[in-house]
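Please read these numbers as outputs of a predicted model, since none were measured by experiment.
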Amino acid sequence: MNRIAMGARLMIVSDLDHTMVDHHDAENMSLLRFNALWESNYRHDSLLVFSTGRSPTLYKQLRKEKPMLTPDITIMSVGTEITYGNSMVPDDGWVEVLNQKWDRNIVTDETSKFSELTLQAETEQRPHKVSFYVDRTKAQTVMKELSECLEKRGLDIKIIYSGGMDLDILPQGAGKGQALAYLLKKFKAEGKPPSNTLVCGDSGNDAELFSIPEVYGVMVSNAQEELLQWHAENAKGNPNIIHAKERCAAGIVEAIGHFNLGPNASPRDVADFIECKLENVNPGHEVVRFYLFYERWRRGEIDNCEAYIASLKASCDPTAVFVFPSGVERTLHECIHRLRGCHGDQKGKQFRVWVDSVLSTPTGTSTWQVKFDKWELSGDERYSCVTTIILNAKGSSASDGYTWVNVQQKWLEGFEKKDDSTWFF
């Protein structure tokens, strides 16, 4: 919550399905590329906002299915719910805004008169959102007639049609665009607006995001016709909105580079970490780089050579200790030595590693405490540890790198590994 109060260098506001998350990418590589970029270069001074049509129930379900990062802010149910942090603390001020000229009982009463509407699942019905399915060929007619009925009943509502089938009825003040406008106004009132904001979407219910003044926008390459049509009719001459060449999260990374909003080279695009020398290495980048190396080592995607082992040992204090989730302690040098025996043991298997919510705190002039969630996907199983690392800067410049002094891990509740004898880092 404290990080949200600071002025963000960059705020990314992204839809989830078919924008941040590519459901046609079985390996989730574009999402993992974005994750590595965000945690290594942006997490410490920027804000990640997920803006989704999903209800809290379906949003949490997606998080269990995909290697998604934890956002700083979550906008759900087509802009009718705003929550903060991992605990998803609701914004009560936004609830007050939406209560104006809204009566859910009247909405359900009037919609029951339309046989063309099929009510969506109960989980998708929210205090300020009533959701239906409607045939594409009947959508425009139903929307017009329904809007007139609700207006006569004294309500000020909006109807959003997206995905060729989803029809959502919301308060007039709701929606992804209004939710973002509310947040920007709130940050500005506190004197800490983001330096730049990038909105990202693929469907009709994302159009409002692109209508907010002074934001950059990217329609991912796989954007639906309804969004492209909106753009052609409303924002064709706006140089701050692009149609990316890349799909989903890769299109977001592309847009960061296109608009020069910051670094857009993901650590996952680096072939050799030993040869790659960066000018501005921060503790977050150090962590991302190590765990990406670990993934590639286990997958056999890098050579089993002494240079890598020597480089790892050189980055660890000789007395550095690793405390495993079970409480067992080993020196980091011992742990690195154990790595020799597991090179390529996950080759050809579904094995991925990523880190989430990397938070670096200086504890001295050259010492950092870094906390994050380390995730490991092995087949259909997921494991996660809350990890705390102590790093010492090797020199006066960040490019000199860091020395690992201590690592401690505790299982994240619900994601424990029964036998951690094969848990390396």
Side-chain angles (χ1 to χ4, degrees), residues 32-33 36-37 39-41 263 265-325 328-349 351-355 358 360 364 366-372 374-376 378 385 387-409 420-425:
L32 289 167
R33 281 183 65 227
L37 174 65
E39 294 297 339
S40 62
N41 289 284
S266 172
R268 282 192 174 270
D269 298 330
V270 175
D272 191 330
F273 293 129
I274 292 181
E275 295 298 325
C276 178
K277 302 298 181 184
L278 299 176
E279 293 183 6
N280 297 308
V281 178
N282 61 68
H285 191 279
E286 176 77 10
V287 167
V288 170
R289 186 170 64 169
F290 170 77
Y291 279 104
L292 183 51
F293 165 83
Y294 169 71
E295 175 193 286
R296 291 176 177 176
W297 181 268
R298 298 284 303 272
R299 287 173 62 90
E301 294 174 349
I302 52 179
D303 293 336
N304 184 358
C305 67
E306 192 58 36
Y308 285 122
I309 298 296
S311 177
L312 286 180
K313 286 186 174 180
S315 295
C316 297
D317 186 282
T319 62
V321 172
F322 189 112
V323 182
F324 285 77
V328 171
E329 294 187 15
R330 287 193 177 96
T331 67
L332 274 176
H333 279 200
E334 283 182 88
C335 296
I336 292 169
H337 182 75
R338 289 178 69 216
L339 273 180
R340 297 174 188 269
C342 68
H343 179 268
D345 66 342
Q346 298 296 322
K347 188 173 184 177
K349 300 178 182 179
F351 179 79
R352 294 292 177 188
V353 179
W354 67 96
V355 296
V358 178
S360 306
S366 60
T367 305
W368 295 79
Q369 181 189 72
V370 190
K371 296 189 73 172
F372 56 93
K374 179 250 175 166
W375 289 87
E376 196 167 293
S378 182
C385 275
T387 305
T388 303
I389 293 177
I390 303 299
L391 298 175
N392 283 342
K394 286 184 176 179
S396 58
S397 171
S399 60
D400 294 331
Y402 298 89
T403 299
W404 293 51
V405 178
N406 184 272
V407 181
Q408 295 189 38
Q409 291 187 330
D420 71 358
S421 63
T422 56
W423 187 258
F424 291 93
F425 283 97

To the nearest 0.5 Å, what is the distance between CG (Leu312) and CZ (Phe293)? 4.5 Å
Exercise: identify the closest heavy-atom pair between Cys316 and His333: O-NE2, 3.7 Å
Roughly how far apart are Arg33 CZ and Asp269 CG, rounded to 0.5 Å? 4.0 Å
Contact between Leu391 and Val370 at the side-chain level, heavy atoms closer than 4.5 Å - yes or no? yes
Is there a side-chain contact between Ile309 and Trp297 (heavy atoms, below 4.5 Å)? yes
Once you round to the nearest 0.5 Å, how far does CZ of Arg352 lie from CG of Leu32? 6.5 Å
Roughly how far, to the nearest 0.5 Å, is the CG atom of Asn406 from the CZ atom of Phe322? 9.5 Å
Any pair counted as salt bridge (Lys or Arg N to Asp or Glu O under 4.0 Å), so long as it reaches residues 304-313, sequence neighbours left out: Glu306-Arg340
side-chain hydrogen bond (donor to acceptor under 3.5 Å, both in side chains) involving Trp404 - partner list, sequence neighbours excluded: Glu286
Looking at every heavy atom in both Phe425 and Tyr291, which two are closest together, and how far apart are they? O-OH, 2.7 Å
If only atom types and distance count, is the side chain of Arg299 paired as donor or acceptor with the main-chain N or O of Phe351 below 3.5 Å? yes
Counting only N and O atoms by type, is there a donor-acceptor contact under 3.5 Å from the side chain of Gln346 to the main-chain atoms of Arg298? no
Rounded distance [0.5 Å steps], OH in Tyr294 versus SG in Cys342: 6.0 Å
Heavy-atom closest pair, residues Cys335 and Arg330: SG-CB, 4.0 Å
Restricting to non-hydrogen atoms, name the atom on Leu37 and the atom on Ser266 that form the minimum distance, rounded to 0.1 Å. N-OG, 3.9 Å
Locate the shortest heavy-atom distance separating Arg296 from Pro267; write the atom from each residue and the value. NH2-O, 3.9 Å
Please identify which of these residues, Ile390, Val321, Val323, meets the side chain to side chain contact (heavy atoms under 4.5 Å, CB included) condition with Gln408. Val323
Dump the intermediate steps for side-chain hydrogen bond (donor to acceptor under 3.5 Å, both in side chains) on Glu376 and Trp423, then the final yes or no. CA-CA 10 Å; Glu376 196 167 293; Trp423 187 258; 6.0 Å; no
Asn282 (side chain) donor-acceptor with Ser40 (main chain) under 3.5 angstrom: yes
Side-chain contact, heavy-atom cut-off 4.5 Å: Leu292 with Glu295? yes
One should read off an interatomic distance between Thr387 OG1 and Phe372 CZ, to the nearest 0.5 angstrom, of 4.5 Å
Shortest non-hydrogen contact from Glu39 to Val355? CG-O, 3.4 Å
Quick one: does any side-chain atom of His343 pair with a main-chain N or O of Ile302 as donor and acceptor, under 3.5 Å? yes
